[in-house]
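In the text below, chain A, chain B and the rest are named by the order of the sequence lines, each starting its count at 1.
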Number of protein chains: 2
Amino acid sequence: MATAVLDTLDAQGLRMTGPRRALVEALVERQEAFTAEELMQAVPAVGRATVFRTIKLLVDSGLVCRMSQVDGRPLYSLSHQGHHHHALCQRCGAVLDIYRCGIDTMLENIELATGAKVLGHRLEVFVLCPACVAAADESPPAKQLA
Amino acid sequence: MATAVLDTLDAQGLRMTGPRRALVEALVERQEAFTAEELMQAVPAVGRATVFRTIKLLVDSGLVCRMSQVDGRPLYSLSHQGHHHHALCQRCGAVLDIYRCGIDTMLENIELATGAKVLGHRLEVFVLCPACVAAADESPPAKQLA
DNA sequence: GTTTATGCAAAACATTTGCATAGTC
DNA sequence: GACTATGCAAATGTTTTGCATAAAC
């Protein structure tokens, strides 16, 4: 599982070091979105600087995507494939991928309506995931990513 | 022009102080998006803390909307009406409002496809505005919000 | 006169960087 | 052995906070 990610790094000519291995394994293990701080807590042996450097490296490699939370702070998750968007569950922290979002049509309409040329976009959707919709009535929120 | 904004603050029981007036006027004067820092530079007489406090207050009042730049840093602009999105020109900093974006249909589809309940969303579109599309071939980028 | 807002300076955060050391290839 | 990555600690940049003062209602 983590191997695929590590292979990609290898293919990019990056060195396979202990810290990188440990960070990638931590990410794969918890199939969830994470903040830089959470990742530092998950792998305390690795220094802050390396965590930030590695996150940046993974984002640049396209292996991790950066999203933003409601308050604007950055959140990351392993990127699964191609261009897509995310729905962040506000209760449990789950991240749902959205592939067929129909945004391309939307962007075309924007170009037509405004005359602007679309260079890129970012869409964040804040949701309650199905499990949390079901659970929301019974138990209190358990939002805890750490 | 600035009056409408000030009236809204007044209606919310907030005091009409010199600094607030000055900040709101600065915002209205430059009909453009701004960062906290730019606003501080525009009204140097007002202290940092007050600038941040006032921005927050305006965002909470719905008078200003917070968006994010490509790098994730926050950008603000006077909000014109209702729910809408923004297209940020990457060359000149212009902000185009997008009202009829068709995103509601998209969100409904997301709910159907994933079973999640959509609580909210944020869409940022990064563009070249029409003027910049025209100018891009001739002159070099002049991105300068300050 | 009471309550709220301001300014300043300091604190709190999050992220980045310089540089010597250690690890990979 | 050459080059890259790491760790630490310090620097950076931005936003927040405490508290005494000043302004608004």
Side-chain angles (χ1 to χ4, degrees), chain A residues 2-3 5-27 33-61 63-76 145-146, chain B residues 2-3 5-27 33-61 63-76 145-146:
Chain A
T3 318
V5 175
L6 295 172
D7 284 352
T8 304
L9 291 182
D10 191 43
Q12 305 198 358
L14 296 168
R15 294 194 171 169
M16 194 50 50
T17 67
R20 282 179 187 169
R21 212 181 297 269
L23 290 173
V24 168
E25 273 165 15
L27 292 185
F34 59 95
T35 62
E37 205 204 345
E38 285 162 0
L39 187 52
M40 291 196 289
Q41 291 173 350
V43 190
V46 177
R48 290 174 289 292
T50 300
V51 170
F52 280 102
R53 284 188 277 231
T54 304
I55 289 177
K56 184 169 299 175
L57 183 152
L58 291 169
V59 170
D60 289 346
S61 304
L63 292 166
V64 158
C65 17
R66 167 193 256 125
M67 353 180 225
S68 42
Q69 297 175 279
V70 179
D71 59 12
R73 286 180 314 180
L75 197 65
Y76 306 89
L145 295 177
Chain B
T3 319
V5 176
L6 295 171
D7 284 352
T8 305
L9 291 181
D10 190 45
Q12 305 198 358
L14 296 168
R15 292 191 174 171
M16 196 49 50
T17 67
R20 282 178 186 169
R21 213 181 296 268
L23 290 172
V24 168
E25 274 165 14
L27 291 185
F34 58 95
T35 62
E37 205 205 345
E38 285 162 0
L39 187 52
M40 292 196 290
Q41 291 173 349
V43 190
V46 176
R48 289 175 287 294
T50 300
V51 169
F52 280 102
R53 285 189 277 233
T54 304
I55 288 177
K56 183 170 299 176
L57 182 153
L58 291 168
V59 170
D60 290 346
S61 303
L63 293 166
V64 158
C65 19
R66 167 193 256 123
M67 355 184 221
S68 41
Q69 297 174 278
V70 180
D71 59 11
R73 285 182 316 182
L75 197 67
Y76 306 89
L145 295 176

Q) Mapping Thr17(B) and Arg66(B) to their closest nucleotides on DNA chain D, which lands nearer the 5' end? A) Arg66(B)

Q. dT4(D) C1' sits how many Å from Leu9(A) CG, rounded?
A. 14 Å

Q) Between dA22(C) atom C1' and Met16(A) atom CE, what is the distance in whole Å? A) 18 Å

Q: Measure the CE-CZ distance between Met67(A) and Arg73(A) for me, rounded to the nearest 0.5 Å.
A: 13.5 Å

Q.
Nearest whole Å is fine: how far is dA14(C) P from Met40(A) CE?
A. 8 Å

Q: Write down the distance between CD1 (Ile55(A)) and P (dA14(C)), rounded to a whole number of angstrom.
A: 13 Å

Q. Is there a side chain to side chain contact (heavy atoms under 4.5 Å, CB included) between Leu58(B) and Leu9(B) once you walk through the steps?
A. CA-CA 8 Å; Leu58(B) 291 168; Leu9(B) 291 181; 4.0 Å; yes

Q. Considering the options Ile55(B), Thr35(B), Leu27(B), which one meets the side chain to side chain contact (heavy atoms under 4.5 Å, CB included) requirement together with Tyr76(B)?
A. Ile55(B)

Q | Length of the CZ-P vector between Arg48(A) and dG7(D), whole Å | A | 10 Å

Q) Between Arg53(B) (CZ) and dT4(C) (P), how many Å, whole number? A) 15 Å

Q: Using a cut-off of strictly less than 4.0 Å, decide whether Lys56(A) has a side-chain nitrogen or oxygen near OP1 or OP2 of dT16(C).
A: yes

Q) Is Arg20(B) touching bases, backbone alone, or none of the nucleic acid, heavy atoms closer than 4.0 Å? A) sugar-phosphate

Q: Just compare dT6(D), dC8(D), dT17(D) and give me whichever is closest to any side-chain atom of Ala49(A).
A: dC8(D)

Q.
Without decimals, in angstroms, what is the distance between Glu37(A) CD and dA12(C) P?
A. 15 Å

Q.
Quick check: do Val46(B) and Leu39(B) have side-chain heavy atoms less than 4.5 Å from each other?
A. no

Q. Of the nucleotides dA24(D), dG7(C), dG7(D), which has the atom closest to the Val46(A) side chain?
A. dG7(D)

Q.
Quick check: on DNA chain D, is the nucleotide nearest Pro74(B) upstream (toward 5') of the one nearest Arg15(A), or the reverse? Name the residue that is more 5'.
A. Arg15(A)

Q: Return the value, rounded to whole Å, for the distance between atom CG of Asp10(A) and atom C1' of dT4(D).
A: 14 Å

Q. Want to settle it: does Leu14(B) or Phe52(A) sit nearer the 5' end of DNA chain C, counting the closest nucleotide to each?
A. Leu14(B)

Q: Please test Leu14(B) against Arg20(B) for side chain to side chain contact (heavy atoms under 4.5 Å, CB included), starting from the C-alpha separation and ending with a verdict.
A: CA-CA 10 Å; Leu14(B) 296 168; Arg20(B) 282 178 186 169; 3.8 Å; yes

